[in-house]
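Data first, discussion second: the structure below is written as C-alpha cells.
All figures in this text were calculated on a predicted structure; none of them were measured in a lab.
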Amino acid sequence: MSFALVSPALAVKDTLVLAVGGESAEGYDPILGWGVYGNPLFQSTLLKRDAKLQIIPDLAESWSLSDDRITWTVTIRKDAVFSDGTPLRASDVAFTFNKALVAGGNIDLTPLDRADATGDFTVALTLKEPDITFMQHMITLGIVPEKGYTPQYGRNPIGSGPYKLVRWDEGQQMIVEANDLYYGEKPAIKRLVFLFSGEDAALAAARAGQADVLGVPSNLAGQAIPGMRLHVVKSVDNRGLMFPTVPDEGKKTPKGVRIGNTVTADPAIRKAVNYAINRELLVSGVLDGYGNPAFGVVDNLPWDNPAIRFKDNDPDKARAILDAAGWKDSDGDGVREKNGLKAEFTIVYNAKDSLRQGLALAVSDMLRPVGITAIPRGENWDRIKTELTHSNVVVYGFGDHSPLEMYKLYHTPGPEPMYWNAGFYSNPVVDGYLEQARAAESFDASLPLWQKAQWDGTTGFTTPGDAAWAWMVNLDHTYFVNTCLDVGQSQMEPHGHGWPITANIHQWKWICN
C-alpha cells in the first residue's frame, strides 16, 4: 500500500502525514465522546488547557460561577463561525450540552440540570448541585451546530475548530484541512493526513519517508528512523491493577456479571502486592525506560498527595504483612493460604495489548517469592468488560486532566459500574472527602479534600490506607517526528485515545527550506 497522498513539494511546505492512531469507529461526534481524551480538532470547546495545564479561554470570553455554586454563566466570543459559515451562537452551546446530557455516550453529564441560551452570546449551565469538577466538561466537550446536527454528524463533522474534515476512508486514512474561518491563531500546516494502518505498515511508511509524525509504543522508541527524531511527551496515562475489594458471595450485577474475589477482598493481599512490585524494574524492563513508577492515579498533578509514596520492591515487608494477616504457606508448596483459601488470583489483560501483557507477566514473577500466585490471562476486551471485570484483577489504564477521575474510580459505585470502580471499593470516609471536594467553593478549595481522600493520615484509598489498586507505571508517550517539523511544547497528555499530540497544533511549523 502506498501512502504518497500528495506531491513531495506540497508535503514539504504545508502537508503533514501522521500515523498516530486515533480513528474513532463511532465517528467524530463530541456528544458521543470524541475529544474527551485529547484534542477534538474539528470542534472548539468553551475552555482549554495550555502546555502547563492551566485553564485558558477558547470559545469563552468570560465565565463565572454563581454564589450558590449552581450556575455557570459563560459569555462566548462573537466572531466564531462553523466551518460551513454558520455563525456559532449560545444556542449551539446550550444544544450541545443538553444533547450530550441525554445522548448516553461516553460523557457523563449527570451533574447538569439544563443549559439555557440567555442571549446570542451568553449561556447558563445550571447544575443539580454544586460540582466544581464540571469545569472539565467545559474544557473537553466540543460544540456542535444545533441546525446541522444529525445522527450522521460524526461521519461529517461541522465545527469551529482549527481544522475541517475533507475525506475519510475508514480503516485507511483521513484528510483534514485548515479551517479558513477559524477565529484563533491559524495553523501553519494547512493539511493533515492521518493514516489508520497497523503498526508495521505505519513504521514502514515512516522509514520510507511517507510519514511525518509516528506514534509508537515504548518498546519501539529506541530504534533509529532516518530523517526523524524521537519526541517524548510526559503523560498522566497510567496502568494499574484493579482489585475486587469485596468477597465472592455469589452476587451478580443486574446484568448478571459476577461480583467479588475473596482473596483480593483481604487488604493484606492488596497491600502485599503493592509493596512487592518493583516499579522501577517495570519501567526499565516493560516500558524500556519510557515512563515513571506510579503510586497513585494522579501522580504529579496539583491534586496529588505526596504522602501516599512508599518504598516498593520490598518483599520482606510484603511477607510481614501477609504473616500478620494469617496468610501462611503451611503445606510448603510456595503458595500461602488462609482458612483453606490459596493466595491465588488471575490477572486479566487485553490480549491485544503487549504492554499490559508484559506488566502482568512481570508482576506475576515479582509476587511468586512472597507466596502469592498471580496467573496472567489475556482475554478479549469486550469479555473483560462484560463478564470478568468485577471478579478478577484487571490491568486497566486511566489518566485524565481532572480530579473527577478519582471520584469515578473510588466513590462507592452503583449496581452496574462496568470499569469505573469495577472492584466495588467503598469507604464512607473517602466518599465524604470526594463529595466535599466536588461541592467545594472553588477549585483551589477542593485540593486538600482530594488529597485527604487519598490518605488523611488514618484512611484513604491508596496503599497506606485501603490499597484499592496497585498502580504500577505512568507512561511516556513516544513519537517519531520529522526533523524538519517543530511541534512546540507538548502538553502533558491524558490516557491514550484520540489525537492529544495535536493539542498545540497551531504552534507546529516546518523549519526546513
Side-chain angles (χ1 to χ4, degrees), residues 234-245 263-287 289 291-327 336 343 345 347 359-360 362-372 374 393 395-399 403 405-406 409-410 423 425 427 429-430 433-434 447-475:
K234 294 298 179 184
S235 84
V236 291
D237 190 1
N238 45 51
R239 298 292 181 271
L241 299 178
M242 184 283 303
F243 294 115
T245 61
V263 174
T264 61
D266 189 332
I269 292 286
R270 305 196 301 266
K271 285 177 177 285
V273 171
N274 268 283
Y275 282 102
I277 291 175
N278 183 341
R279 290 165 176 80
E280 289 283 1
L281 189 57
L282 294 180
V283 171
S284 61
V286 181
L287 304 186
N292 293 282
F295 295 91
V297 69
V298 296
D299 286 358
N300 303 314
L301 292 170
W303 39 92
D304 177 24
N305 183 350
I308 71 169
R309 304 296 190 274
F310 58 92
K311 179 183 177 297
D312 67 349
N313 187 26
D314 192 346
D316 288 339
K317 180 153 188 168
R319 293 186 192 100
I321 290 171
L322 294 169
D323 287 342
W327 290 93
R336 294 171 183 263
F345 54 79
I347 301 179
L359 291 170
V363 167
S364 175
D365 289 341
M366 293 171 183
L367 297 182
R368 195 172 294 114
V370 303
I372 297 176
V393 178
V395 182
Y396 272 125
F398 288 95
E405 189 159 74
M406 277 189 287
L409 286 172
Y410 293 109
Y425 171 70
N427 179 329
V429 176
V430 169
Y433 288 136
L434 295 172
L447 295 180
L449 295 161
W450 296 116
Q451 292 165 343
K452 286 183 177 181
Q454 295 163 65
W455 176 242
D456 67 0
T458 302
T459 191
F461 58 69
T462 57
T463 300
D466 298 324
W469 283 65
W471 294 101
M472 298 180 288
V473 292
N474 293 307
L475 312 185

Item to check | Sidechain-backbone polar pair: Asp312 side chain, Arg279 backbone, donor-acceptor under 3.5 Å | outcome: yes
Next on the checklist: Tell me the closest heavy-atom pair linking Met242 and Gly423, and the distance in Å.
Outcome noted: SD-N, 3.3 Å
Checklist entry - What is the distance from atom CG of Asp456 to atom CG of Leu449, rounded to the nearest 0.5 Å? => result 11.0 Å
Next on the checklist: On a heavy-atom basis, which atom in Val263 and which in Ala343 lie closest, and how many Å separate them?
Outcome noted: CG1-CA, 4.2 Å
Checklist entry - How far does CG of Asn474 sit from CG of Asp237, to the nearest 0.5 angstrom? => result 8.0 Å
Checklist entry - Leu241 pairs by side-chain contact (heavy atoms from CB on, under 4.5 Å) with which of Val363, Thr264, Leu359? => result Val363
Checklist entry - How about Asp304 and Phe295: do any of their side-chain heavy atoms sit closer than 4.5 Å? => result no
Checklist entry - Nearest 0.5 Å, what's the CG-CG distance between Asn238 and Asp299? => result 7.5 Å
Checklist entry - Checking Lys271 side chain against Ala318 main chain: does a donor-acceptor pair fall under 3.5 Å? => result no
Item to check | Residue among Thr462, Val297, Asn427 satisfying side-chain contact (heavy atoms from CB on, under 4.5 Å) with Tyr410 | outcome: Val297
Next on the checklist: For Asp466, is there an ion pair with Arg270 - N to carboxylate O distance below 4.0 angstrom?
Outcome noted: no
Next on the checklist: For Val395 and Ile347: C-alpha separation, side-chain torsions, deciding distance, then whether side chain to side chain contact (heavy atoms under 4.5 Å, CB included) applies.
Outcome noted: CA-CA 7 Å; Val395 182; Ile347 301 179; 3.6 Å; yes
Checklist entry - Is Thr459 reaching over with its side chain to a backbone N or O of Gly465, donor-acceptor style, under 3.5 angstrom? => result no
Item to check | Worked verdict on Thr463 versus Tyr275 for side chain to side chain contact (heavy atoms under 4.5 Å, CB included) | outcome: CA-CA 9 Å; Thr463 300; Tyr275 282 102; 3.9 Å; yes
Checklist entry - Does Glu405 use its side chain to pair, donor to acceptor, with the backbone of Gly399 at less than 3.5 Å? => result yes
Item to check | Closest heavy-atom pair and its distance - Asn305, Trp455 | outcome: ND2-O, 3.0 Å
Checklist entry - What heavy-atom pair brings Pro244 and Val393 nearest, and what distance separates the two atoms? => result CD-N, 4.0 Å
Checklist entry - Is a side-chain donor or acceptor of Asn313 paired with a backbone partner of Asn278 at a separation under 3.5 angstrom? => result no
Item to check | CZ-CG distance between Arg239 and Leu282, expressed to the nearest 0.5 angstrom | outcome: 13.0 Å
Checklist entry - Are the side chain of Arg336 and the backbone of Val370 linked by a donor-acceptor contact shorter than 3.5 Å? => result yes
Next on the checklist: Restricting to non-hydrogen atoms, name the atom on Ala470 and the atom on Ile277 that form the minimum distance, rounded to 0.1 Å.
Outcome noted: CB-CD1, 4.2 Å
Checklist entry - So do the side chains of Val298 and Gln454 get within less than 4.5 Å of each other, counting heavy atoms only? => result yes
Next on the checklist: If you define the side chain from C-beta out and look only at heavy atoms, does anything of Thr458 sit under 4.5 Å from Val429?
Outcome noted: no
Checklist entry - Should the heavy atoms of other residues, nucleotides or ligands under 6.0 Å from NZ of Lys452 be counted, would the total exceed 12? => result no
Checklist entry - So, for Val286 and Ala362, which heavy atoms are closest and what is the spacing to 0.1 Å? => result CG2-CB, 4.2 Å
Checklist entry - Hey, what's the ring geometry for Phe398 with Tyr396, parallel, tilted or perpendicular (30° and 60° as the breaks)? => result tilted
Next on the checklist: When you compare the side chain of Met366 with that of Leu281, does any pair of heavy atoms fall below 4.5 Å?
Outcome noted: yes
Checklist outcome for this item: One should read off an interatomic distance between Phe461 CZ and Tyr433 OH, to the nearest 0.5 angstrom, of 12.0 Å
Checklist outcome for this item: Here the gap from Phe345 atom CZ to Ile269 atom CD1, rounded to the nearest 0.5 Å, amounts to 7.0 Å
